[in-house]
Number of protein chains: 2
Amino acid sequence: MMNPKALHKISYGLYVVSAHRDGAINGQIVNTVFQITSKPATLAVSINKDNYTHEFIKGGRSFLVNVLDEETAMSFIGRFGFRCGRDIEKFDGIEYRISSLGNPILEEHSIAFLEATVDKIIDMGSHTVFIGEVVDGDITGDGEPMTYAFYHLVKQGKSPKAAPTYIEE
Amino acid sequence: MMNPKALHKISYGLYVVSAHRDGAINGQIVNTVFQITSKPATLAVSINKDNYTHEFIKGGRSFLVNVLDEETAMSFIGRFGFRCGRDIEKFDGIEYRISSLGNPILEEHSIAFLEATVDKIIDMGSHTVFIGEVVDGDITGDGEPMTYAFYHLVKQGKSPKAAPTYIEE
């Protein structure tokens, strides 16, 4: 018997993962990002298949991880975490630039970005793990990275149902 | 051009991942653990192929993630992170019990554990990503989970060369 509270003890950061497809862009909040190897640097990210960004990553074959600053406002997180790109243009009114691969790099609330091509797609039922080599990345701010624990404890944030780490209360 | 410092902005926890094979047990420090799906709960972990624990996870087809407490002594982390199970019995003198699958559950310095069977093995060159369903897990202490940032900043800890997140200084 598994006590689901044990899953809460895994530590994560908080990111806006962005992607592009056919000239359109989208992005969403993700906590499940990790580095797999250092030479070459590769990243893995777990995305719910129902999320609009999933279609973009699969279509554009790349993704970009924007590392959120601890100071990021809840309204900003809500826009990328609880609204769907099918209903709103996520990047409308947001400061960003487009990477050489075509993905949005946040120019507000973000302290670093990492861009990866998609080299492996792992089907995990409700979610897909996208794995790829890091092709670009830089430091873009000097704040502290927001952790998932900080988001929950200090910001009193919630998890959407589609998150890998969602647990019914 | 990728600035490798951007990789440092990804947040992680700090864990002892343990495993068994042919009646023997082993374990090592890992920071790269994340949950992939919630129904069923699945976990991914990235392990260097040169690490002794890699052979145990592959052989025993399961792994157990022990979540370290923020108070964990550096000597304890050093034992599991910078010594090899080919040279020492990692669990000698350590308080632990054996799970129903045969993996060591720490009974000191740990606040939770999660045990998973290995359902998918992803070859990533220097490292392997083991993916599996969580079959057991519980809260075992009431401290705060140690984060990788806390380990580096407060504990002034280093990364071994085999770590997914190792960067040459």
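Per chain, numbering begins at 1; letters A, B, ... match sequence-line order.
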Can you find a heavy atom in the side chain of [X] that is under 4.5 Å from one in the side chain of [Y]?
{"X": "Y166(B)", "Y": "K39(A)", "answer": "no"}
{"X": "E55(A)", "Y": "R86(A)", "answer": "yes"}
{"X": "K90(B)", "Y": "F80(B)", "answer": "yes"}
{"X": "D69(A)", "Y": "K9(B)", "answer": "no"}
{"X": "L43(A)", "Y": "L114(A)", "answer": "yes"}
{"X": "Y15(B)", "Y": "L68(B)", "answer": "no"}

Is the Y148(A) ring parallel, tilted or perpendicular to the Y12(A) ring (thresholds 30°, 60°)?
perpendicular
In terms of relative ring orientation, are Y52(A) and F56(A) parallel, tilted or perpendicular, with 30° and 60° separating the classes?
perpendicular
Choice from A163(B), G13(B), A41(B), A6(B) maximising heavy atom contacts with chain A below 4.5 Å:
A6(B)
Per-residue contact mode, [X] against chain A (heavy atom under 4.5 angstrom):
{"X": "A112(B)", "value": "side chain"}
{"X": "I47(B)", "value": "neither"}
{"X": "V135(B)", "value": "backbone"}
{"X": "D123(B)", "value": "backbone"}
{"X": "T42(B)", "value": "side chain"}
{"X": "I122(B)", "value": "side chain"}
{"X": "A44(B)", "value": "both"}

For the [atom1] atom on [X], are there more than 12 heavy atoms of other groups (residues, nucleotides or ligands in this structure) within a distance under 6.0 Å?
{"X": "E108(A)", "atom1": "CD", "value": "yes"}
{"X": "E107(B)", "atom1": "CD", "value": "yes"}
{"X": "D142(A)", "atom1": "CG", "value": "no"}

Tell me, out of [options], who's got the most heavy-atom pairs with chain B below 4.5 Å.
{"options": "M146(A), M2(A), E144(A)", "result": "M2(A)"}
{"options": "N31(A), I139(A), V67(A), D119(A)", "result": "I139(A)"}
{"options": "V33(A), V65(A), T128(A), V45(A)", "result": "V33(A)"}
{"options": "I36(A), T140(A), N48(A)", "result": "I36(A)"}

Where along residues 18-30 of chain B does a heavy atom come under 4.5 Å of chain A, listed by residue number?
none
Is there a donor-acceptor pair under 3.5 Å between the side chain of N66(B) and the backbone N or O of L106(B)?
yes
Given heavy-atom pairs under 4.5 angstrom as the criterion, report whether the side chain, backbone, both or neither of L14(A) touches chain B.
neither
